[in-house]
**Student:** 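Okay, here's the structure, questions in a sec.
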Amino acid sequence: MEERPETDIAIIGAGPSGAAAAAWLARKGYSVRVLERTHFPRFVIGESLLPQCMVHLDRCGLLDAAKAGAYQAKNGAAFCRGEDYAAIDFRDKFSQGPGTTWQVPREDFDRRLIEGAQAAGARVDFGVSVTGFHADAIRPRLSCVDDSGQSFDVDARFVLDASGYGRVLAHLEALDRPSDLPPRCALFTHVEDHIDPALHDREKILIGVHPEHAGVWYWLIPFRDGRASVGVVASPEQLAQAGDNDEQRLWSMLAQEPRYARLLKAATATREVQRISGYSADIRRLHGPGFAILGNAGEFLDPVFSSGVTIALDSALRAAPLVARQLEGETIDWQREFEHPLRQGVATFREFVDAWYDGRLPRVIFHPDQQPRVRQMIASVLAGYAWDTDNPFVAASRRRLTSLAERCKLDSEAAIP
């Protein structure tokens with residue numbers, strides 16, 4: 001008889017999608033081995049969660065582990081543009097489900113999730129890089145090397161790639177395809193913010209629009225301990241003109257937005273300014289013989305609506321039950337049951353990202369007299385419920401956003417004397 005594979009499921013990456021899939025599968029009695037290139041805790045952005053995440057964390061059994069972090073509560077998003085200001089409360093939404101979530105330092109959040117997966121029975125090996133992959137419907141194999149330089153193989157019955165920006169299988173299987181989103185760059189840091197509580201609701205992320213350049217936007221994500229994550233997103237050319245180095249560029253850009261300048265006037269940085277550029281990515285397919293690709297390891301859009309962790313968790317909780325069914329002998333149509341529905345939600349987020357950058361969505365958000373029902377529908381998508389096809393702004397995102405933005409434009413023009 002052929003020797004049994006070393007593990008039922010091998011998972012590349014110990015971020016949220018890897019931890020969620022590992023926890024779910026381990027609780028079902030499968031042997032799970034997670035291979036993580038770095039050592040935790042490690043810094044990463046994507047710190048403002050969406051309420052949809054709470055559903056997924058509960059499903060995989062990691063909600064209590066996350067609650068133990070006692071993170072800053074989040075109930076919505078605020079937007080500013082010059083003196084314009086609008087706030088969206090996720091609790092007042094169209095879709096069913098939680099309306100609140102957290103803003104989290106990811107080094108702590110990710111550590112708690114993967115420790116929860118370990119407590120559920122998953123094995124986690126840190127400091128292990130995946131260098132090769134042999135795809136096989138029955139017994140896929142990963143080639144690995146650890147921090148000491150020791151090489152070894154891991155045989156499994158199925159492989160899940162949760163490697164995030166590392167995009168391990170996308171590279172090894174030549175699945176990458178260029179994103180058609182314009183190249184953008186993010187500069188960011190953490191600060192002791194010293195924000196006057198009367199000036200900003202810490203239970204909301206603040207998304208700002210540059211007063212002159214509509215494609216430049218900012219984030220301010222308050223944490224519970226008086227710290228915050230701040231960043232700016234712009235084209236590489238725009239950032240290059242803002243200073244001689246990335247620290248100068250970030251603070252120069254932050255000073256150009258009036259509300260951010262007021263809020264952060266006493267802020268002091270607690271870490272070096274970091275840069276991520278060319279982060280948008282796409283992939284030809286999300287599955288193959290003996291493997292599936294989760295979250296950012298497949299397609300990544302843009303950080304503007306904090307969709308990354310939501311998509312990561314959604315993909316993990318779609319894939320894990322399919323893996324279990326396949327290992328029990330079922331034939332799974334991965335295209336129909338995994339890739340197609342996952343990409344439907346991603347496409348909804350994509351329509352909102354496009355509408356943000358081309359000006360349609362800001363026109364809607366800053367409109368002074370939105371219809372309550374429409375506002376609830378938009379709030380649902382921004383809260384992460386991008387798969388709720390009962391919502392017209394999910395079922396027909398582009399048409400609905402375009403029509404609504406045009407009406408808002410006509411209203412604004414009619415109001416001008």
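Quick caveat: nothing in here was measured; it's all calculated off a predicted structure.
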**Student:** Would you compute the distance between atom CG of D314 and atom OG of S17 and round it to the nearest 0.5 angstrom?
**Tutor:** 11.0 Å

**Student:** Give, for atom CZ of F158 and atom CD1 of I9, the distance between the pair rounded to the nearest 0.5 Å.
**Tutor:** 9.0 Å

**Student:** So F349 and I311, do their side chains get closer than 4.5 Å, heavy atoms only?
**Tutor:** yes

**Student:** Within a strict 4.5 Å, meaning less than it, do heavy atoms of the E36 and V128 side chains meet?
**Tutor:** no

**Student:** Check whether Q103 reaches the backbone of P222 with its side chain - one donor and one acceptor, N or O, closer than 3.5 Å.
**Tutor:** yes

**Student:** Ion pair present between D64 and R112, side-chain N to carboxylate O less than 4.0 angstrom?
**Tutor:** no

**Student:** Tell me which one of H287, H340, R285 satisfies side chain to side chain contact (heavy atoms under 4.5 Å, CB included) with W334.
**Tutor:** H287

**Student:** Determine whether more than 12 heavy atoms belonging to other residues, nucleotides or ligands lie under 6.0 Å from atom CD of E406.
**Tutor:** yes

**Student:** E192 side chain to T270 main-chain N or O, any donor-acceptor pair under 3.5 Å?
**Tutor:** no

**Student:** For a quick test of reading the model, state the closest non-hydrogen atom pair linking L220 to H200 and the distance between them.
**Tutor:** CD2-CD2, 4.4 Å

**Student:** Any donor and acceptor pair, going by atom type alone, linking the side chain of E257 with main-chain N or O of R259 inside 3.5 Å?
**Tutor:** yes

**Student:** Sequence neighbours left out, what passes side chain to side chain donor-acceptor pair (under 3.5 Å) with D125? Give chain and number order.
**Tutor:** R33, R123

**Student:** State yes or no: are the ring centers of F126 and F40 separated by less than 6.0 Å?
**Tutor:** yes

**Student:** Is a donor on one side and an acceptor on the other found under 3.5 Å between the side chain of W387 and the backbone of P341?
**Tutor:** yes

**Student:** Could you tell me whether D244 atom CG has more than 12 heavy atoms of other residues or ligands within 6.0 Å of it?
**Tutor:** no

**Student:** Kindly say whether R42 contributes a backbone atom to a donor-acceptor pair with the side chain of R106 at under 3.5 angstrom?
**Tutor:** no

**Student:** Quick one: CD1 on I45 to OG on S229, what's the gap to the nearest 0.5 Å?
**Tutor:** 7.0 Å

**Student:** Please confirm whether the ring centroid of F291 lies under 6.0 Å from the ring centroid of F133.
**Tutor:** yes

**Student:** Assess whether a salt bridge exists between E337 and R325, defined as any Lys/Arg side-chain N lying under 4.0 Å from an Asp/Glu carboxylate O.
**Tutor:** yes

**Student:** Do other residues, nucleotides or ligands put more than 12 heavy atoms under 6.0 Å from the CZ atom of R37?
**Tutor:** no

**Student:** Taking Q238 for its side chain and S235 for its backbone only, find out whether a donor-acceptor pair lies under 3.5 Å.
**Tutor:** yes

**Student:** Give the minimum heavy-atom separation between R360 and L401, together with the two atoms involved.
**Tutor:** NH1-CB, 4.2 Å

**Student:** Measuring from atom CG of L160 to atom CD1 of I11, what distance do you get when rounded to the nearest 0.5 angstrom?
**Tutor:** 5.0 Å

**Student:** Rounded to the nearest 0.5 Å, what separates atom CG in L404 from atom NZ in K409?
**Tutor:** 14.0 Å

**Student:** Show the nearest heavy-atom pair for residues K93 and Q96, with the distance to one decimal.
**Tutor:** NZ-C, 4.1 Å

**Student:** So, S48 versus W219: side-chain donor-acceptor pair below 3.5 Å or not?
**Tutor:** no

**Student:** Do R202 and D193 meet the salt-bridge criterion of a basic N to acidic O distance under 4.0 Å?
**Tutor:** yes

**Student:** Does any part of the side chain of R27, heavy atoms only, come nearer than 4.5 Å to the side chain of C60, both counted from C-beta?
**Tutor:** no

**Student:** Let me confirm one number: the CG-CE distance from D390 to M377, rounded to the nearest 0.5 Å.
**Tutor:** 10.0 Å

**Student:** Side chain of R157, backbone of T7: donor and acceptor closer than 3.5 Å?
**Tutor:** no

**Student:** Can you check whether I283's main-chain N or O pairs, donor with acceptor, with R177's side chain at less than 3.5 Å?
**Tutor:** yes

**Student:** Would a 4.5 Å heavy-atom cut-off, applied to side chains only, mark R167 and I293 as touching?
**Tutor:** no

**Student:** Please check this pair: side chain of T402 against backbone of R399, looking for a donor-acceptor N/O pair closer than 3.5 Å.
**Tutor:** no

**Student:** Taking all heavy atoms of C408 and all of V364, pick out the closest pair and write down the distance.
**Tutor:** SG-CA, 4.0 Å

**Student:** Atom CZ of residue position R398 - does it have more than 12 heavy atoms of other residues, nucleotides or ligands inside 6.0 Å?
**Tutor:** no

**Student:** Just checking, any donor-acceptor pair under 3.5 angstrom between side chains of H190 and E47?
**Tutor:** yes

**Student:** With side-chain contact (heavy atoms from CB on, under 4.5 Å) as the criterion, how do N245 and V273 come out once you've worked through the C-alpha distance, each side chain's angles and the decisive distance to 0.1 Å?
**Tutor:** CA-CA 10 Å; N245 57 59; V273 172; over 6 Å; no

**Student:** Looking only at heavy atoms, what is the nearest atom pair of A269 and W251, with distance?
**Tutor:** CB-CZ2, 4.4 Å

**Student:** Is E203 salt-bridged to K74, going by a charged N under 4.0 Å from an acidic O?
**Tutor:** no

**Student:** Does NZ or CZ of R271 lie under 6.0 Å from the centre of the six-membered ring of F43, at an angle within 45° of the ring axis?
**Tutor:** yes

**Student:** Say whether, by atom type as modelled, one donor and one acceptor occur between the side chain of E339 and the main chain of L286 under 3.5 angstrom.
**Tutor:** yes

**Student:** For S380, what residues pass the side chain to side chain donor-acceptor pair (under 3.5 Å) criterion, not counting sequence neighbours?
**Tutor:** S95

**Student:** Would you call R111 and E115 a salt bridge, using N to O less than 4.0 angstrom?
**Tutor:** yes

**Student:** Where does the angle between the aromatic ring planes of Y218 and H210 fall among parallel (under 30°), tilted (30 to 60°) and perpendicular (over 60°)?
**Tutor:** parallel

**Student:** Check whether any side-chain heavy atom of E83 sits under 4.5 Å from a side-chain heavy atom of P258, and report yes or no.
**Tutor:** yes

**Student:** How far apart are the closest heavy atoms of W102 and A66, and which atoms are they?
**Tutor:** CZ3-CB, 3.5 Å

**Student:** Measure the shortest side-chain to side-chain distance between P51 and Y385 over non-hydrogen atoms and say whether it is less than 4.5 angstrom.
**Tutor:** yes

**Student:** Is any side-chain heavy atom of I378 closer than 4.5 Å to one of R375?
**Tutor:** no

**Student:** Check whether the side chains of N75 and T100 place a donor and an acceptor atom closer than 3.5 Å, and report yes or no.
**Tutor:** no

**Student:** Kindly indicate whether the side chain of I12, heavy atoms from C-beta on, has any atom under 4.5 Å from the side chain of V159.
**Tutor:** yes

